[in-house]
Each structure stands twice: as structure tokens, then as C-alpha cells.
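In what follows, a structure is listed as C-alpha cells, so that the remarks can point back to it.
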Amino acid sequence: MHSFDPGYAHTPYVGLVSDYPGAETYPPNHFRIEWGPIFHRGRLDGTARVLVLGQDPAAHESIARRILVGTAGRRFQGFLNKLGIDSSYVLVNTYLYSVYGQHGGTAHAHDPDIARYRHAWLDALVTNNSIEAVITLGGLADHAFHAWREAPTSAAYNGAYQHLLHPTYPDSAAASGADATTVMKQLTTNWNKALNVLRNTVTPDVERPFTPYGDTLTDADLGTIPEVDLPPGLPAWMRSDEPWASRQGETATEKRATISVQIPEGLRPF
Ligand code: URA
């Protein structure tokens with residue numbers, strides 16, 4: 001038997017996925033709207049206790065149609081596992097579409113129409129679950145959380161809040177010239193601090209001894225995306241720890257239009 005995400009066929013989610021913003025709200029020069037909106041990952045059955053706000057979907061998410069399934073997702077899944085949260089979570093992103101270009105994300109941090117739809121999701125999730133903690137990944141998500149807190153509808157939420165460095169912060173900081181070892185340690189220190197707070201706040205699915213991060217993320221710190229988080233029938237390698245999707249192309253236009261999917265070696269049944 002296989003488990004799978006049954007999707008959005010019930011209220012209030014059926015309404016949210018039927019009526020989502022497009023190019024009028026997410027300008028195509030700043031968002032890859034051509035890959036469609038990618039809404040969430042995790043429980044929509046009322047059992048979520050942790051609500052996570054990520055940033056924007058990337059290549060893996062565009063194929064799997066669920067958010068945070070690539071490198072950032074596997075790193076953060078490991079964080080949830082350390083909390084003992086193996087299934088009682090729901091994740092949404094700040095942006096419904098992948099940001100295009102360096103400044104697309106910050107340029108739209110205050111857009112009221114983008115916020116309105118995001119608030120509708122956050123309102124639905126806190127109303128239909130008993131959320132004990134909201135976790136944001138990165139600065140844009142932190143901003144989005146505070147914007148939501150200013151809206152009267154968010155008053156229904158009275159749980160904890162933790163803002164984390166984004167799971168791929170060390171990669172982008174190192175690419176901009178920062179020392180790779182230093183920025184990785186910054187991330188693990190930041191995540192250990194948050195875990196220490198959240199362990200006293202969040203009811204775990206599974207009680208397990210706390211193993212803090214060391215100075216860097218190891219393979220053992222990566223979580224595996226559960227089968228139940230993805231649409232039915234997706235092959236197991238789409239949940240593996242190996243990357244399997246990347247943007248390809250000789251020109252910016254070709255690269256924007258092309259995602260190459262390759263089954264990782266060692267995971268091929270042939
Ligand atoms: N993928 C997502 O869906 N969200 C992120 O924040 C990063 C990668």
C-alpha cells in the first residue's frame with residue numbers, strides 16, 4: 001500500500017486552489033508564472049501543529065507540485081525531525097511562484113494583492129488546525145509573517161513564533177563571497193537556538209533524544225520527504241536525498257523554459 005497527499009478537494013482549500021492569483025498579481029518579469037502556482041506541502045486534514053512559511057518554489061517543486069522538496073526542503077525536514085515532528089506540519093511559501101531574477105523577491109515584499117491571497121491561506125490553516133508554532137524560513141517569510149500579524153484575521157493565532165535563517169542561506173552567502181564554513185556554522189547555531197525554544201513549545205509526534213547540529217550540516221541531518229506529502233504515484237526517487245531536477249539552457253530564455261529531470265544513479269530500477 002502507498003500513502004499519498006489526497007490534494008485540495010475539500011473546503012476551504014478547494015476554494016483557494018480554484019481562485020489563485022496569476023500574471024495580474026505576479027508580474028512575469030519577476031516570477032516564473034509559466035510553471036504554475038505551487039501551493040503547499042503537508043497536512044490539510046486538521047492535524048498540523050507546526051505551520052511553516054518558506055520563500056518560493058524552485059525546480060524540484062515545479063515538477064513534484066509540492067513545496068520544499070529539494071535541498072532546502074530536505075534540510076528543513078531534518079529540522080522538523082529533530083523536533084520530533086514527523087507528520088504534523090503544513091508548509092506554505094511567501095510566494096506562490098518561483099522568483100525570477102535577483103531582486104524579484106524583495107521588490108514584491110509589500111504587494112497587497114500577493115499578501116491578500118497568502119493571508120487567506122494562513123487564516124485557513126490556523127482556523128482549521130491547532131497550530132502551536134509558526135516557523136519562517138528567511139527574511140521575506142519573516143516579513144510576510146509580520147504583515148499577516150497586522151491583519152485582524154490573524155488574531156485567531158496565539159501560538160509561538162520562530163524565525164530561522166533560510167535553509168539555503170549558507171549556499172547563497174558563500175556564492176556572494178562569504179566564508180563557507182562560517183556561514184554554515186551561522187545556520188546550525190541559529191537552528192540549534194530555535195530548536196531549544198521550540199522543544200518546549202511543540203508537542204512532538206515522536207519522542208526522540210535531542211541531537212543538536214554540529215558546525216555544519218551532515219548527510220544525517222537531511223530529512224527524507226515522506227511519501228504521504230506528494231501526489232499519488234510519484235516515484236520514490238523524487239523524495240530521495242539526491243538532486244534530480246535542474247534548469248538547463250544556453251540562453252536565459254531557454255533556461256527559464258527548461259527543467260531537466262534525471263533519475264539519480266543508484267535509484268534506477270534498470
Ligand atoms: N523551495 C521552496 O518551496 N521554498 C523555499 O523556500 C525554498 C525552496
Side-chain angles (χ1 to χ4, degrees), residues 3-5 7 32 35-44 48-99 105 118 121 125 133-142 144 162-172 184 187-188 190-191 194-195 198 205 213 216-231 234-247 259-264 267:
S3 51
F4 57 88
D5 178 354
R32 304 173 201 266
W35 290 95
I38 305 158
F39 297 105
H40 101 295
R41 175 161 74 81
R43 310 289 76 74
L44 295 181
R49 290 195 301 282
V50 174
L51 167 57
V52 180
L53 193 52
Q55 187 172 298
D56 69 305
H60 288 80
E61 290 78 16
S62 302
I63 306 298
R65 311 312 299 175
R66 294 294 181 271
I67 71 162
L68 284 158
V69 298
T71 302
R74 294 193 313 275
R75 287 181 182 175
F76 184 68
Q77 196 75 23
F79 178 98
L80 288 173
N81 294 157
K82 281 186 190 290
L83 255 190
I85 292 294
D86 290 1
S87 61
S88 304
Y89 54 79
V90 63
L91 294 68
V92 289
N93 273 329
T94 301
Y95 296 123
L96 209 44
Y97 301 94
S98 183
V99 169
R118 184 173 57 228
W121 265 92
L125 291 170
V134 175
I135 302 174
T136 53
L137 310 179
L140 289 166
D142 179 49
Q162 280 292 307
H163 168 219
L164 304 191
L165 284 177
H166 191 273
T168 55
Y169 158 74
D171 311 65
S172 34
M184 199 38 119
L187 179 92
T188 58
N190 175 265
W191 283 21
L195 281 169
L198 290 168
D205 297 322
Y213 292 101
T216 190
L217 291 177
T218 66
D219 286 351
D221 293 323
L222 296 180
T224 297
I225 310 302
E227 188 176 41
V228 69
D229 282 12
L230 297 188
L234 261 59
W237 53 263
M238 286 197 175
R239 299 180 286 109
S240 79
D241 290 345
E242 300 293 324
W244 49 264
S246 58
R247 299 193 196 277
I259 293 177
S260 164
V261 173
Q262 187 175 47
I263 304 174
L267 299 175

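Both backbone and side-chain heavy atoms feed into the values below; hydrogens, waters and symmetry mates do not. As the structure is a computational prediction, the values presented were derived from the model and not from experiment.
Counting heavy atoms from C-beta outward, R118 and V92 have side chains that stay 4.5 Å or more apart. Side-chain contact between P57 and Y97 is absent, with no heavy atoms from C-beta onward closer than 4.5 Å. Between I85 and L198 the shortest side-chain heavy-atom distance does not fall below 4.5 Å. Looking only at side-chain heavy atoms (C-beta outward), T188 and L217 come within less than 4.5 Å of each other.
The backbone N or O of A141 lies less than 3.5 Å from no partner atom in the side chain of Q55, so there is not a single donor-acceptor pair. Side chain of H163 to backbone of G138: a donor-acceptor contact under 3.5 angstrom is found. In terms of modelled atom types and a separation under 3.5 Å, the side chain of H60 and the main chain of A245 share a donor-acceptor contact. Checked by atom type and distance alone, the side chain of Y89 never pairs as donor or acceptor with a backbone atom of V52 at under 3.5 Å. A donor-acceptor distance shorter than 3.5 angstrom exists from the side chain of D56 to the backbone of V99, with no hydrogens or angles considered. Checked by atom type and distance alone, the side chain of S98 never pairs as donor or acceptor with a backbone atom of A58 at under 3.5 Å.
Atom-to-atom distance recorded for S62:OG and I67:CD1 is 12.0 Å, nearest 0.5 angstrom. With rounding to the nearest 0.5 Å, the separation of CZ in R66 from CD1 in I38 is 10.0 Å. Once rounded to the nearest 0.5 Å, the distance linking CG of L165 with CE of M184 reads 11.5 Å. A distance of 11.5 Å separates CG in D5 from CD in E227, rounded to the nearest 0.5 Å. Once rounded to the nearest 0.5 Å, the distance linking CG of L80 with CG of L68 reads 9.5 Å. Here the OH-CZ distance, from Y213 to R75, works out to 10.0 Å after rounding to the nearest 0.5 Å.
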Chi angles and distances behind the salt bridge (charged side-chain N to carboxylate O under 4.0 Å, His left out) call for D229, R43 | CA-CA 8 Å; D229 282 12; R43 310 289 76 74; 2.6 Å; yes
Kindly indicate, with the supporting measurements, whether the criterion side-chain contact (heavy atoms from CB on, under 4.5 Å) is fulfilled by L44 and L125.
-> CA-CA 8 Å; L44 295 181; L125 291 170; 3.9 Å; yes
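Nearest heavy atom pair, residue H166 against residue A72, reads CE1-CB, 4.0 Å.
A donor atom on one side chain and an acceptor atom on the other are found under 3.5 Å apart for R41 and Q77.
Under 4.0 Å is where a charged nitrogen must lie from a carboxylate oxygen, and between D205 and R49 at least one such pair does. Note on D221 versus K82: salt bridge recorded, some NZ/NE/NH1/NH2 to OD/OE distance being below 4.0 Å.
F79 and W191 have perpendicular rings, their planes meeting at more than 60° on a 0 to 90° scale where under 30° would count as parallel. Note: W237 and W244 have perpendicular aromatic rings, judged against thresholds of 30 and 60 degrees for the angle between ring planes.
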